[in-house]
K.L.:
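First the structure, then my questions, so here it is.
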Amino acid sequence: MRKKIVAGNWKMNKNLEETGVLLSELKAKFKNTPSVEVIVAPTFTNLYYASQELKGCDILVAAQNMHQAEGGAFTGEISASMLKSVGVELVILGHSERRAYFGETNELLSEKVKTALRHDMTILFCFGEELEDRKSENHFSVVESQLKNALFDLNEDAWKNIVLAYEPVWAIGTGETASPEQAQEMHAFIRKTIANAYNTKLAEEVSILYGGSVKPNNATEIFAKPDVDGGLIGGASLNAESFIAIAEAL
Ligand code: 13P
């Protein structure tokens, strides 16, 4: 059975002190349910602190990005082994903000994915169409090519470490969510695309999260869809009460 996951992408929010407050609130409210994996992704400067604070608690820590090289002259960048050395085993790659503001292409992401896999990290791989793509009814082909160009040269075994996060760009931080039907339609398409590229068994085992304005008041109906295995949460993950409410809706 595939994993159900709720992950909070804190983006460039929360300094050290604020991170401490949010983590304590999360720990106080969090009730571990073996059926749902809960992940938080604080900013780089607070990853070590977060991984220490969450020791003994079942909330996992992810990084929001990572460089593709093993090390060297890449001023300002962070490598996979640096993340692992501070207790981080998961990394978000391909977020639409990285694609839009930092020029990350599917080809670059393919390299980042391979580096993370070499370090046996789990990857939360984000992708999704822009508003223009949906308006021009190109959303399925855009998503298909994002998957194909970044992931479909991986061998089957590598997929044990891949979690997908479909995040339509027009729904991120806008308050406008995909309807549960739109999310289901795309998630079913993603699974079918993976089944065609690999096989049905693999497609059935991959967790596919939905991201884009998920809130406590809409999480239940989105998560009720059969191909939606959880959520990648931005704004609502910055508040312990709303994030836990979303995790409990799964
Ligand atoms: P919002 O939940 O704020 O729309 O952000 C979604 C997101 O980008 C998570 O990675």
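These figures come from a predicted structure and were not determined experimentally. Read the numbers this way: they start at 1 and go in the same order the structure lists the ligands and their atoms.
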K.L.:
If you count the atoms of ligand 1 from 1 in the order shown, which ones are under 4.0 Å from a heavy atom of Ala171?
P.N.:
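Selected atoms, number and element: 4 (O).
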K.L.:
State the atoms of ligand 1, each with its element, that fall below the 4.0 Å cut-off from a heavy-atom position in Gly235.
P.N.:
1 (P), 2 (O), 3 (O)
K.L.:
Under a 3.5 Å cutoff, is there a donor and acceptor pairing between the side chains of Asn46 and Thr19?
P.N.:
yes
K.L.:
Under 3.5 Å, N or O to N or O, is Gly212 touching ligand 1 that way?
P.N.:
no
K.L.:
Using a cut-off of 6.0 Å, state whether more than 12 heavy atoms not belonging to Glu137 lie near its atom CD.
P.N.:
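No, the 6.0 Å shell around CD holds no more than 12 heavy atoms from other groups.
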K.L.:
Within a radius of less than 6.0 Å around CD of Glu181, do more than 12 heavy atoms belonging to other residues, nucleotides or ligands occur?
P.N.:
yes
K.L.:
Tell me whether ligand 1 is touched by Ser237 - counting only heavy atoms on the residue side and a distance under 4.0 Å.
P.N.:
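Outside the 4.0 Å threshold, so no.
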K.L.:
For Lys27, does the NZ atom sit with more than 12 other heavy atoms under 6.0 Å from it, leaving out its own atoms?
P.N.:
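Yes.
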K.L.:
Does the ring center of Phe223 lie less than 6.0 Å from the ring center of Tyr210?
P.N.:
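Ring centroids of Phe223 and Tyr210 are no less than 6.0 Å from each other.
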K.L.:
Polar-atom distance check: Thr174 versus ligand 1, any N or O pair below 3.5 Å?
P.N.:
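So ligand 1 has no N or O lying under 3.5 Å from an N or O of Thr174.
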K.L.:
Report yes if some N/O of Glu97 lies less than 3.5 Å from some N/O of ligand 1; otherwise report no.
P.N.:
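Such a contact does not occur with ligand 1.
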K.L.:
If you measure every N or O of Gly234 against every N or O of ligand 1, does any of those distances drop under 3.5 Å?
P.N.:
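Yes, at least one N or O pair falls under 3.5 Å.
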K.L.:
Quick one: which ligand 1 atoms are inside 4.0 Å of a heavy atom on Leu232?
P.N.:
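Close to Leu232: 9 (C), 10 (O).
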K.L.:
With heavy-atom distances below 4.0 Å as the criterion, list the atoms of ligand 1 near Ser213.
P.N.:
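Checking each atom against Ser213, I get 1 (P), 2 (O), 4 (O).
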K.L.:
At less than 4.0 angstrom from any non-hydrogen atom of Glu167, what atoms of ligand 1 do you find?
P.N.:
6 (C), 7 (C), 8 (O), 9 (C), 10 (O)
K.L.:
State, without any angle test, whether Arg99 and Ser96 hold a side-chain donor-acceptor pair at a distance under 3.5 Å.
P.N.:
no
K.L.:
Quick one: which ligand 1 atoms are inside 4.0 Å of a heavy atom on Gly173?
P.N.:
1 (P), 3 (O), 4 (O)
